[in-house]
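All values below were derived from every heavy atom in this structure, side-chain atoms included, with hydrogens, water molecules and symmetry-related copies excluded. In listed order, ligands and their atoms are each counted from 1.
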Amino acid sequence: MLKINNTLTRQKDEFKPQSFPQVTMYTCGVTVYDDCHIGHARSLYIFDVMRRYLKYKGYDVKFVRNITDIDDKIINRAIELKINWQELVKKYIDRYYEDLNALGVEKADFEPRATENIPDMIKYIQTLIDKEFAYASGGDVYFNVRKFSEYGKLSGQKIEEMEAGARISPTGLKKDHLDFALWKASKEGEPFWESPWGNGRPGWHIECSVMSQKFLKTDTLDIHAGGRDLVFPHHENELAQAEAFTGKPFARYWIHHGLLTINGQKMSKSLGNFIIVKDVLSKYPADVLKILYLQALYSSPVDFSWEKMDEAKHAYERFVILFQKINRKFDVIMPEISASNSNDNKFIEEFDRAMADDFNTPMALSVLFNMVNECNKLLDNNASIARQLMITIKQLGNVLGLSFKGAREESSEVWIMDAIGEREKLRKEKKYKEADGVRKMLEEKGIVLEDTKEGTTWRKKL
Ligand SMILES: [Zn+2]
């Protein structure tokens, strides 16, 4: 039973999606005005791990991760660089996908961009006005926070307290200083879209309410996730907009990851400690950065340092060295087919218990290291059991998004292994004709299979 630390209820809740086995999941993605830094990488990666684990547990996860491609930061950066904002956006979307790819973070089912969904946002805003949750004011549109009585429930604040704390009189076009913009009139020279309120662009919060419901095809999401820094005001506002719009709960489980510091300091350009994903991945395999992240609970802060990266690298090498030793033991190359045994099952259960407890990755990772120790002990006298355990390590590692690239012997020819694995699977399903087809296909390519007690081996035809 999976338990999730839910920001909304402030407790660990049992995870029950609305319509099992389907899970709808949305995370707030990047704003594309600069390269992804390692704080973004943590966010992208940790939610990829959650998605992988849910899939591993048999859930059918529908996942949406947006791209914010219009925003003040984008406009300002484009002005600073003296380029067109679309050019800036295109450049950083391309670089974002390079990073995702290098990190081995899977694509979402939908990756909607704000600028491609503006008509939907305009309709949504109009409905909020019609329902009197929002008002137009001089070309802007604002959400009237006082009309939504539950405002503050996600971040655990009361409107009166926010008021008392601030004591700011409403500025300009707002009725109340807590009100936030759904639509902003464009200033001279800024990008704009036509709307019933004049030329302008959407505020940041509205895109997530609109695109999550649109692409997940639901009023109520199972999971909404993001960084802790987004709880207020971004997620509070998303929630207010969506619940005012539908009259239904917006998301059932709100998951927030802790933030990242560098040597104990906040990462910022002015401090000169800004580290982008590309810097790290030019020095270390992605798995090493992932190990550093896995060592902390997702909900806790992570402190990054190059020393910690070196420590993570040493830890990672324990996998690499073991896998190479095992592969060398076997002078024939055999496909990696899992055949669970009781020894492996014990570890699989421990791994699962860790992950089911609010995705406790430090614990899950320590199970993998215990498996490495066990494997090393088995290696001399029980090599085939060690090899089986290695296969299980790789499978569980894969749930954590670890690829162990570079840990594989170079001589292993992956496509042959895949074909042998496929044949084995077909034989287990008693599809002997199809299995024999795979054997013939390999033979035509000069690969001869030999079935032995230890499994199937192959050699090149003489
Ligand atoms: Zn969002």
Side-chain angles (χ1 to χ4, degrees), residues 6-8 23-34 36-37 39-48 50-51 62-74 89 92-93 96 100 105 107-118 120-122 124-125 128 134 141 143 145 148 151-155 180-184 201-246 248-259 298:
N6 189 350
T7 309
L8 184 65
V23 173
T24 52
M25 177 170 176
Y26 182 87
T27 66
C28 298
V30 292
T31 302
V32 280
Y33 69 102
D34 207 344
C36 285
H37 56 62
H40 296 127
R42 185 190 188 197
S43 183
L44 293 161
Y45 169 57
I46 212 67
F47 295 137
D48 187 52
M50 292 180 191
R51 179 190 186 196
K62 291 262 170 311
F63 181 50
V64 176
R65 182 174 54 214
N66 72 315
I67 295 177
T68 300
D69 61 350
I70 186 69
D71 175 85
D72 287 339
K73 288 185 192 127
I74 292 171
V89 159
Y92 285 110
I93 287 179
Y96 164 66
L100 280 183
V105 166
K107 277 196 128 189
D109 298 299
F110 294 99
E111 308 198 339
R113 300 179 191 178
T115 59
E116 290 171 355
N117 294 280
I118 288 182
D120 295 285
M121 295 183 214
I122 291 174
Y124 206 100
I125 295 169
L128 289 174
V141 180
F143 188 90
V145 166
F148 183 69
Y151 191 77
K153 72 173 170 183
L154 182 66
S155 55
F180 58 89
L182 301 173
W183 186 263
K184 297 176 177 182
R201 62 191 157 88
W204 172 38
H205 315 299
I206 194 72
E207 69 175 88
C208 288
S209 302
V210 173
M211 298 195 296
S212 60
Q213 291 174 330
K214 176 180 171 186
F215 289 93
L216 292 169
K217 297 191 176 67
T218 179
D219 291 340
T220 304
L221 324 179
D222 287 312
I223 297 174
H224 192 313
R228 180 137 305 171
D229 53 339
L230 297 184
V231 175
F232 189 86
H234 183 55
H235 287 167
E236 193 72 64
N237 292 352
E238 277 188 37
L239 183 154
Q241 294 162 164
E243 299 196 356
F245 184 87
T246 64
K248 295 180 200 161
F250 179 40
R252 304 177 69 229
Y253 301 87
W254 286 86
I255 305 179
H256 291 100
H257 67 75
L259 302 180
Y298 78 84

Compute the centroid of each ring, for Tyr96 and then for His40, and state whether the two points are separated by less than 6.0 Å.
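So the answer is no for these two rings.
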
Please round to the nearest 0.5 Å and tell me the distance separating atom CZ of Phe215 and atom CG of Asn117.
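Those atoms lie 4.5 Å apart.
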
Return yes when atom OH of Tyr33 has more than 12 non-hydrogen atoms of other residues, nucleotides or ligands closer than 6.0 Å, and no otherwise.
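Result for OH/Tyr33: open.
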
Nearest heavy-atom neighbours spanning Tyr92 and Asp34
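Minimum heavy-atom contact is CD2-C, 3.3 Å.
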
Does some side-chain heavy atom of Gln213 sit less than 4.5 Å from a side-chain heavy atom of Thr24?
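Side-chain contact under 4.5 Å: no.
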
Whether the side chain of Glu111 engages the backbone of Arg65 through a donor-acceptor N/O pair (distance < 3.5 Å, no angle test) should be reported.
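No: the side chain of Glu111 does not pair with the backbone of Arg65.
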
State the count of protein N/O/S atoms located less than 2.8 Å away from the Zn ion (ligand 1).
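Number of qualifying protein atoms: 4.
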
